Amino acid sequence: MREKLEGTAEAFRAVYENRRVSLTPDRGNGENPAVVYQRAAEKVCVRCALRDSCWEREYESTVRALNDGLPAMLERGRGQSADLPKWFSSRCIRLPSFLEAMNEELSALLLRRRYQSRLRENRAAVCRQYGQLAQALEEAALELAVELTPEPVRERRLRHYLASQGMEGEGTVFLDQRGRLRAEILLRDPALLMKEETRKELSALLGVALRPAVQQAERGKSRVVFTQAEPLAVTAGVAAKKRDGETVSGDAGAWFKGEDGVLYLLLCDGMGSGPEAGRESDLAIRLLEKFLRAGVTAEAALKTLNSALALRAEAEGGFTTVDLCRLDLFTGEGAVYKYGAAPTYLKKGDTVVRAAGSALPAGLAAGDRVEPDVIPFHLEPGDCALMVTDGVTDGEGDGWLREGLAAFDGASPKELARTLLEESAAHAASPDDRTVMILRLEKRR
């Protein structure tokens, strides 16, 4: 499987590298701008009495004069008689008609250039998704390349326990790729193993706290899996309010924990308010959650999301801010990732740190250099992280918010979220959707 993933990743990487070169934006501007005066001459000069003089006997002088005037015309988007040498403009007996025809061709040329530029950008966005897919496959292959570590002593304990309980099954205990304990038991009747009492007994037997068992059907039997529980847990609170007069909020949020013990908090704010903004933010949340649950790294998932939203915006318009908080419940290490989102506030002891970024909202721009802001952090039990949409702090500043978080005693994150939401109404510069999400890290009980 690892070799297949590596081979597939290599193929997608080759497609990406091949197409990336051909889609590089810096490949000139397509057709020669001389087409502007050439086509204008075909319309106006063909019946002019000076045609032979300008376009045959003095051809080089005419072309040189028009080429000299083109840069100013292209920069301005429209030609004027002053752009041309005086000797040429004073001699041309059809100058107004010639300039009008040139401006028509100039407008058409600039439209074609914008279209070709946008087309290249969209193709490049699709191309980048090949590269991002290759990266995701490479990461999956790398994960499969890490060998599992057998735990023979713990495995013997597990088998003795199964025998003592009269359960006929195959038990295996090992450390996974991250060095965390995993016990798997294949047997016909899993009822006893699914009890909370059994989980506690096995936790004591194997020397680590275990999560509740997960049952999987396999060849007429059941595979019961116990994995090491995270030493840290969170208490969370959320409060939200729609913009006055709207039936749907443009904000959307979600949180979930992966199998690796990493907690994700997602908060998006669609452009504007109402149903359309709600659809934009909800789409971003759903796509990002799918990527993260599939094991794609946060940065790769965000870049892929940005490319997808940029392509969608080309046809339908719209964009959304993206705020992602990643927290490892084994270590307390984490990071905040942002595309145009409001600041995140981290409370460590009595100190509140403001984590802000400068990236544009997702979907506004696409390119190899369009990356999310990444702000790493480390939390200890008792510390908090606060996420808000810009409707909460878009006003007099955030001093009141930071003071409220600094004074928080950790009792009820839900109550704090509700209080901050209510206070934000007095500080907001304009009515908007408002959402507050807060988590408090604590030791698992």
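For clarity, every value in this text was computed on a predicted model and none was experimentally measured.
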Between Tyr337 and Leu266, does the side-chain contact (heavy atoms from CB on, under 4.5 Å) criterion hold? Intermediate values first, please. CA-CA 10 Å; Tyr337 305 81; Leu266 316 177; over 6 Å; no

So does [X] have more than 12 non-hydrogen atoms from other groups sitting under 6.0 Å from [atom1]?
X: Glu75; atom1: CD; answer: no
X: Glu276; atom1: CD; answer: no
X: Arg199; atom1: CZ; answer: yes
X: Lys242; atom1: NZ; answer: no
X: Lys257; atom1: NZ; answer: yes
X: Glu147; atom1: CD; answer: no

If you take all heavy atoms of [X] and [Y], which pair is closest and at what distance?
X: Leu441; Y: Leu379; result: CD2-O, 3.6 Å
X: Pro381; Y: Leu232; result: CG-CD2, 3.9 Å
X: Leu158; Y: Ala183; result: CD2-CB, 4.4 Å
X: Leu309; Y: Thr320; result: CD1-CG2, 3.7 Å
X: Gly391; Y: Arg434; result: O-CD, 3.3 Å
X: Ser281; Y: Asp251; result: OG-C, 3.8 Å

Carboxylate-amine/guanidinium contact [X] [Y], below 4.0 Å:
X: Arg444; Y: Glu230; result: yes
X: Glu104; Y: Arg39; result: no
X: Lys338; Y: Asp323; result: yes
X: Glu197; Y: Lys200; result: no

Looking at side-chain heavy atoms only, is the closest gap between [X] and [Y] below 4.5 Å?
X: Val392; Y: Val436; answer: yes
X: Asp373; Y: Ser358; answer: yes
X: Met73; Y: Val36; answer: no
X: Gln177; Y: Thr149; answer: no
X: Asp398; Y: Arg354; answer: yes
X: Gln38; Y: Pro33; answer: no
X: Glu299; Y: Val374; answer: yes
X: Val352; Y: Leu346; answer: no

Applying side chain to side chain contact (heavy atoms under 4.5 Å, CB included), can you list everything that pairs with [X], at least two apart in sequence or on another chain?
X: Arg188; value: Lys221
X: Thr331; value: Asp328, Glu333
X: Glu259; value: none

Determine whether Arg182 and Thr227 satisfy the following criterion, side-chain hydrogen bond (donor to acceptor under 3.5 Å, both in side chains), listing intermediate values before the conclusion. CA-CA 5 Å; Arg182 184 180 180 96; Thr227 52; 5.7 Å; no

Verify, without hydrogens or angle tests, whether [X] (side chain) and [Y] (backbone) share a donor-acceptor contact under 3.5 angstrom.
X: Arg76; Y: Arg78; result: yes
X: Arg418; Y: Val238; result: no
X: Glu155; Y: Val173; result: yes
X: Thr321; Y: Asp269; result: yes
X: Thr419; Y: Glu415; result: yes
X: Lys414; Y: Leu416; result: no
X: Arg223; Y: Leu186; result: no

For the [atom1] atom of [X] and the [atom2] atom of [Y], what is their distance to the nearest 0.5 Å?
X: Thr389; Y: Met437; atom1: OG1; atom2: CE; value: 10.5 Å
X: Glu442; Y: Glu380; atom1: CD; atom2: CD; value: 14.0 Å
X: Phe256; Y: Leu292; atom1: CZ; atom2: CG; value: 4.5 Å
X: Tyr339; Y: Leu288; atom1: OH; atom2: CG; value: 10.5 Å
X: Trp255; Y: Leu324; atom1: CH2; atom2: CG; value: 14.5 Å
X: Asn103; Y: Leu109; atom1: CG; atom2: CG; value: 12.0 Å

Would you say the side-chain atoms of [X] and [Y] include a donor-acceptor pair closer than 3.5 Å?
X: Arg440; Y: Thr235; value: no
X: Glu184; Y: Thr172; value: no
X: Asn67; Y: Tyr37; value: yes

So, is the end of the Arg402 side chain (NZ or CZ) under 6.0 Å from the ring centre of Tyr345 and within 45° of the ring's axis? no

Under the criterion side-chain contact (heavy atoms from CB on, under 4.5 Å), I'd like the reasoning laid out for Leu181 against Phe174: C-alpha separation, chi angles, the key distance, then a yes or no. CA-CA 6 Å; Leu181 192 79; Phe174 56 91; over 6 Å; no

